Every structure is written in structure tokens, then in C-alpha cells.
Amino acid sequence: MNKLFYSILLLVVGISPLMAQKGKLIFPDKPGMVSYTYRKSLAKDAATTLDTIKNLGIVDMEFSSLFGKTAQEMRQLLDARGIKCSSYGVGYPDLQNKIGEVAQNAKTLGASFVRVAWIPHQGDFTLAMAQKTVEDFNQFGKILKDEHGLTFCYHNHGYEFQPHENGTLFDYIVQNTDPKYVSFEMDILWTFFPGQDPAALLNKYRNRFKLMHLKDLKKGVQGNMSGGTSPEHDVPLGTGQLDIPAILIAAKKAGVEHYYIEDESSSIATQVPQTIAYLKNLKK
């Protein structure tokens, strides 16, 4: 990357070249990548797509699909490129009906975490749903940890922040699941979208959040608790509504272990490099 292009890219993401030279790095680590960002191309040509991801400097991934391959076939592609899979995402029914197969696939991929990102439900998320979720999560986590040495994580999606007593149903889930068996992956967009403060939540539940999805929400977009919004509302980090520096500082204090870029938009060819440049040059 030549110096002129680099300076232009910094300006695009809101960082002056002079600012990039000052202060202490907020995020000195390399970010990982969620496979969902490249879901379309991985489904067509996994090998070439993984080359693209590696060329961006990404060597840590979370897979939410095997894209028609076996776990062993995907592991071979990763090993050939020096990429690690640290987290394996599956659907809720997979954990209910074939948790042993899930665990084996996760270990074949080399993952330490098994993640689920959606609790099946109709309408508003309710206390009864949260109570059943707590029961299921404790069971999933115990099996994964005790029988397979894996850590179970739940990825929030927004709908869990329905008010409950002095907090939310997400608070209820965190407070009633066993920390030994249940951890969490914070999706910062899906924390902000329903009206929560990601940094404050990280500070409140330190050591419960092990994983994080890094994404930003387009300015002007209004949130809600539906758990859904247009993929085109994903924008490069630092160009949207979220306070990324505050979130990253809180995440470090909270003990988050893996940070994955997730961009669901159709503009990943330009937006992902912008996000990487922003993280690389973000300083106090």
C-alpha cells in the first residue's frame, strides 16, 4: 500500500495522517473475521475467498457455516493458509438435536468456542422464553464444557433487551446462567440498535463476554428490538453511530478474547479494508 493511498484511506475513515502518528494504540491486536461477511463468495469458491481474507491480514476466523464442505475439508483449507478458526457458530436446533456432532466439528476446525446467535421465537421475546433459554444454555454449556472441553457462547441480537424488573431480559439471562458453562459474544451493533450502551454492558458483566462482533450502524438509522435491519445499514467502523473507542477500551478491560469483523453489506470490498485501517490506526 503506497503512502498516498494510505493517507487517502485514513482520511476516508475519519483519521488524519498526523493523528495516526500520535498516542497509544487502542486496538493493537489483529482483528478476526466472521465467515458471514464473505458468505456469498465462500459458498462459491472457499479457497479463493480464504486467500482474499488472508491477504487482508486476517488469520483468525469464526465460521457460521461450512459452506457445503466437511469440517475436515475446511480445516485443510485453513491450515494451508495459516488461518485459525477460534469459534464455530451453529443454529439452536443443532445444539438441541446433535450437540455431539457440533462439538466434533468445532474440534476438527480447531475452535475453542461454540456460538449460537438466535433463539427461535415468535413475537416479542418474553420472560417465559428467557427462562427456557437459561435452562437450555446451562445444559448446552455443561455438555460442551464437561464432555468436549469447549466453551458455549451466546451472541445477542437485540430482541433480548425487552424491559424486565430493573433491567432487561438479557440481564436475566446473564444473571441466571452458570458462568462456568455459559459465556457471551457481544455484537456491538445488536447491543446499540435496541438502545443499550455496549461499553456500559461490558463494564457491568466483565469476564462474561469472551467474543465480539465488530460492526457499525449507518448514521440516521433508528433502532428497535426486532433483531433485524437492512444489511446495507452496516458501515465501516468509525463512520457510523457507535462509540468504537469506548467500546474497545471496555472490551479489553472485560477480557474479550476474540474480535471478529462482521459486515453484512454488499460493499465489503471497500468497507472491510476501511474498517481494518481504522482499527489499525485508532489511538488514544
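Just so we're clear, the structure is a prediction, and the values are computed from it rather than from any experiment. Quick note: residue numbers are just sequence positions, from 1.
Under a hydrophobic-cluster definition in which Ile, Leu, Val, Met, Phe, Trp and Tyr are linked whenever side-chain heavy atoms come within less than 4.5 Å, directly or via other members, L248 and I276 are assigned to the same cluster. A continuous path of ILVMFWY side-chain contacts below 4.5 Å connects V182 to F209, so both sit in one hydrophobic cluster. Hydrophobic cluster membership differs between L211 and I244, with clusters built from Ile, Leu, Val, Met, Phe, Trp and Tyr side chains linked at under 4.5 angstrom.
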Intermediate values then yes/no, side chain to side chain donor-acceptor pair (under 3.5 Å), N156 and T191: CA-CA 7 Å; N156 64 284; T191 303; 3.0 Å; yes
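The backbone N or O of G158 sits less than 3.5 Å from a side-chain atom of E160, completing a donor-acceptor pair. A donor-acceptor pair under 3.5 Å links the side-chain atoms of T70 to the main chain of E73, judged by distance alone. D216 contributes a side-chain N or O that, together with a main-chain N or O of Q241, makes up a donor-acceptor pair within less than 3.5 Å. S41 contributes no side-chain N or O that, together with a main-chain N or O of T49, makes up a donor-acceptor pair within less than 3.5 Å. K210 contributes a side-chain N or O that, together with a main-chain N or O of N207, makes up a donor-acceptor pair within less than 3.5 Å.
No donor-acceptor contact under 3.5 angstrom links the side chains of Y259 and D60, judged on distance only. A side-chain donor-acceptor contact under 3.5 Å links D171 and T168. Looking at S64 and R39, their side chains never bring a donor and an acceptor atom within 3.5 Å of each other. Between the side chains of E62 and Y36, no donor-acceptor pair is found at a separation under 3.5 Å. Judged by distance alone, the side chains of E185 and Y260 never bring a donor and an acceptor atom under 3.5 Å apart.
Between F170 and F184, the gap from one ring centroid to the other is short of 6.0 Å. Taking the six-membered ring for Trp, W118 and Y159 have ring centres closer than 6.0 Å.
Residues satisfying the side chain to side chain contact (heavy atoms under 4.5 Å, CB included) test with K40, not counting sequence neighbours, are none. By the side chain to side chain donor-acceptor pair (under 3.5 Å) test, S226 is found to be paired with N224, residues two or more places apart in sequence or in another chain being considered. Among residues two or more places apart in sequence or in another chain, the side chain to side chain contact (heavy atoms under 4.5 Å, CB included) test is passed with A47 by D45, L77, R81. Taking D263 as the reference, S265, Q271 meet the side chain to side chain donor-acceptor pair (under 3.5 Å) condition, with sequence neighbours excluded.
Using a cutoff of 4.0 Å between basic side-chain nitrogens and carboxylate oxygens, K218 and E232 are not scored as salt-bridged.
With a 6.0 Å radius and a threshold of 12 heavy atoms from other residues, nucleotides or ligands, K252 has its NZ atom above the threshold.
The shortest side-chain heavy-atom distance between K215 and I261 does not fall under the 4.5 Å cut-off.
The ring-ring contact (aromatic ring centres under 6.0 Å, His included) pairs that include a residue from residues 74-100 are Y92-F140, where partners are two or more places apart or lie in different chains.
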Contacts table for residues 102-114: side-chain donor-acceptor under 3.5 angstrom, sequence neighbours left out:
from, atom 1, to, atom 2, distance (Å)
Q104, NE2, T108, OG1, 3.4
T108, OG1, Q104, O, 2.9

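Residue F137 is tested with I119, L95, N176 for a side-chain contact (heavy atoms from CB on, under 4.5 Å); the sole match is I119.
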